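Heads up: the structure comes next, in structure tokens.
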Amino acid sequence: MTVCGREGVSPSARQMKASRLRACADEHGIITALAIDHRTNLAQALAAARPSRRREVDATDLRTFKRLVTQILSPYASAVLLDPEYGLEALSARHPGTGVMLAYERSGYGPNGRDQPPELIPNYSVRRLVEAGAQAVKVLLYYNPFDSPEINSVKQAYVERVGAECQALGVPFFLEPLVYASDEFPAETSGLDFAYLKPTYLARTVAEFGQARYGVDVLKVEWPIVPTCVAGLRSCELQARVYSREEAIEQLRLVGMASSKPLVYLSAGYRAATVCELLELTAEAGVPFCGVVCGRAIWQEGVAIYAREGAAALERWLCRDGVAAIQDIARVLRRCATPWWQWQEGPDQGQQSREAAPGNPPGETP
């Protein structure tokens with residue numbers, strides 16, 4: 001009989017999860033993951049960027065774009081996040097030793113369907129994603145901690161099911177919760193108004209899904225602040241500033257201290273320079289995080305180049321600007337991020353982890 005340990009996970013499953021997480025991080029336990037699991041929104045962006053006479057985007061376009069991004073940028077990433085629908089061909093083009101994360105949610109899930117959990121890709125399971133090459137699984141979820149219990153209990157049960165599937169096979173589970181405002185409060189839907197409330201929404205969300213019952217291993221989170229609205233940041237563009245620098249630091253701490261799981265940040269479409277500035281501000285706030293899973297910050301400008309000029313032009317752009325972007329982010333992570341294994345002893349360990357030496361993962365010998 002298998003004896004389960006902490007969080008109801010058997011020792012063998014826990015060891016498998018740790019081994020697979022190591023495969024998605026660098027030797028210091030930092031995750032610099034390249035996200036290219038975009039499907040519907042990538043197709044829409046390619047179509048919008050093309051000349052009006054040739055708007056059509058087909059599966060070949062998506063596969064080619066993903067393959068080139070993976071081939072050229074994966075040598076600078078610890079892992080690549082792809083989808084099994086259009087991204088599997090890119091796996092063979094990735095740099096040897098680069099870890100593989102695969103998305104499990106069906107494409108097209110967006111804010112319009114936020115009251116429901118996402119659909120999983122119907123012809124895949126965690127087992128099949130692993131057979132396709134996954135060392136970790138990612139699921140996106142729109143969530144409002146103040147929604148009705150009827151809505152949130154369905155989403156919570158959904159995450160529990162995915163978590164149980166991952167635990168049974170020893171596969172790391174990356175959950176990407178994106179918060180949204182309640183429809184009952186129309187004023188909250190504007191960007192500036194919701195900016196005041198977003199840190200509280202996000203803190204409640206990461207606290208909820210950090211519970212052991214969900215089986216989440218890493219939380220892929222958005223920024224609780226809007227950098228264009230923070231006074232004193234180079235990225236600040238608006239005259240109507242929502243936060244002072246000190247207030248922004250407090251909001252980052254609010255979310256960071258609420259999490260009992262390792263945090264990785266997504267780029268949210270910000271430019272690489274803005275992501276670097278946010279990472280530095282998060283480190284200044286004393287919030288431990290173990291990396292990023294970034295896509296558009298690195299390759300977004302290449303979409304229009306591919307749409308208008310083709311694969312060769314995209315390849316040239318990636319070799320110059322794409323590589324520079326991911327290298328800039330990686331340099332900041334080396335200074336500011338914390339090994340993922342520092343969370344294995346609980347959140348108190350994580351609070352002090354930025355001062356600790358990287359060392360080896362729990363249960364590992366030098």
Side-chain angles (χ1 to χ4, degrees), residues 32-95 98 100-103 107-108 110 138 140 176 220 222-223 227-228 234-235 237 265-279 292-333:
T32 309
L34 172 67
I36 185 63
D37 62 322
H38 309 63
R39 286 152 281 175
T40 300
N41 55 357
L42 176 58
Q44 291 169 343
L46 286 168
R50 277 192 165 158
S52 57
R53 65 182 181 275
R54 49 186 297 266
R55 293 283 191 187
E56 298 83 5
V57 173
D58 58 21
T60 299
D61 288 313
L62 294 176
R63 293 190 179 103
T64 299
F65 188 89
K66 291 169 182 283
R67 177 178 53 79
L68 287 173
V69 169
T70 301
Q71 176 183 321
I72 295 168
L73 299 183
S74 63
Y76 308 94
S78 65
V80 60
L81 169 61
L82 287 158
D83 60 279
E85 294 163 301
Y86 302 103
L88 294 184
E89 180 183 300
L91 291 183
S92 61
R94 82 187 193 282
H95 186 264
T98 302
V100 177
M101 306 175 184
L102 288 179
S107 182
K138 186 273 301 184
L140 179 149
E176 179 181 359
K220 180 189 175 192
E222 53 192 324
W223 303 99
T228 54
R234 297 184 298 277
S235 304
E237 300 172 353
Y265 287 100
L266 53 86
S267 62
Y270 297 130
R271 297 172 66 89
T274 299
V275 172
C276 290
E277 190 172 24
L278 286 168
L279 292 170
V292 297
V293 181
C294 282
R296 289 176 293 164
I298 298 166
W299 50 256
Q300 184 166 238
E301 293 178 27
V303 171
I305 292 171
Y306 175 75
R308 295 170 185 166
E309 302 175 46
L314 172 64
E315 189 170 355
R316 290 191 298 270
W317 182 88
L318 287 169
C319 287
R320 183 185 66 248
D321 297 289
V323 168
I326 194 170
Q327 286 181 322
D328 287 345
I329 292 171
R331 277 192 288 269
V332 174
L333 290 174

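Numbering starts at 1 and runs along the sequence shown. Just so it is clear, the structure is predicted and the values come from calculations on it, not from any experiment. Side chains are part of it too, since the values below use all heavy atoms of this structure and drop only hydrogens, waters and symmetry mates.
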Subject >> CG on Leu73 to CZ on Arg94, rounded to 0.5 Å >> reply: 15.0 Å

Original post:
Can you find a heavy atom in the side chain of Tyr86 that is under 4.5 Å from one in the side chain of Leu42?
Top reply: no

**OP:** Would you check if Thr98 and Tyr76 make a side-chain contact, meaning some heavy-atom pair closer than 4.5 Å?
**Re:** no

Original post:
Looking at side-chain heavy atoms only, is the closest gap between Arg296 and Asn41 below 4.5 Å?
Top reply: no

Subject >> Separation of Lys220 NZ from Lys138 NZ (nearest 0.5 Å) >> reply: 5.0 Å

Original post:
What class does the angle between the rings of Trp223 and Tyr265 fall in, given that below 30° is parallel, 30 to 60° is tilted and above 60° is perpendicular?
Top reply: parallel

Subject >> Nearest non-hydrogen partners of Ala35 and Val293, listed with the distance >> reply: CB-CG1, 3.9 Å

Subject >> Heavy-atom pair of closest approach, residues Ser74 and Thr70 >> reply: OG-O, 2.6 Å

**OP:** Quick one: do Val69 and Ile298 satisfy side chain to side chain contact (heavy atoms under 4.5 Å, CB included)? Show the steps, please.
**Re:** CA-CA 9 Å; Val69 169; Ile298 298 166; over 6 Å; no

Original post:
Would a 4.5 Å heavy-atom cut-off, applied to side chains only, mark Ile36 and Leu82 as touching?
Top reply: yes

**OP:** Using modelled atom types only, decide if a donor and an acceptor are shared between the side chain of Ser78 and the backbone of Thr32 within a distance under 3.5 Å.
**Re:** yes

Subject >> Sole residue of Glu277, Glu301, Gln300 in side-chain hydrogen bond (donor to acceptor under 3.5 Å, both in side chains) with Arg271 >> reply: Glu301

Donor-acceptor pairs under 3.5 angstrom involving side-chain atoms of residues 320-328: please list them, not counting sequence neighbours.
unit_1	atom_1	unit_2	atom_2	d
Asp321	OD2	Trp317	NE1	3.2
Asp328	OD1	Arg331	NH2	2.3

Subject >> Non-hydrogen atoms of Leu314 and Gly302 that approach each other most closely >> reply: CD1-O, 3.5 Å

**OP:** Measure the shortest side-chain to side-chain distance between Cys294 and Leu266 over non-hydrogen atoms and say whether it is less than 4.5 angstrom.
**Re:** no

Original post:
How about His38 and Trp299: do any of their side-chain heavy atoms sit closer than 4.5 Å?
Top reply: yes

Subject >> Flag side-chain contact, heavy atom, 4.5 Å: Ser107 against Asp83 >> reply: no

Original post:
Do Asp61 and Asp58 have side-chain heavy atoms sitting under 4.5 Å apart?
Top reply: yes

Original post:
Salt bridge check: are Lys66 and Glu89 linked by an N-O gap of less than 4.0 Å?
Top reply: no

Original post:
To the nearest 0.5 Å, what is the distance between CG (Leu81) and CE (Met101)?
Top reply: 7.0 Å

Original post:
Which heavy atom in Pro51 sits nearest to a heavy atom in Arg308, and how many Å separate them?
Top reply: CD-CG, 4.5 Å

Original post:
Atom CD in Glu315, atom CG in Leu68: separation rounded to 0.5 Å?
Top reply: 5.5 Å

Subject >> Taking every non-hydrogen atom, the tightest pair across Ala43 and Val57 >> reply: O-CG2, 3.7 Å

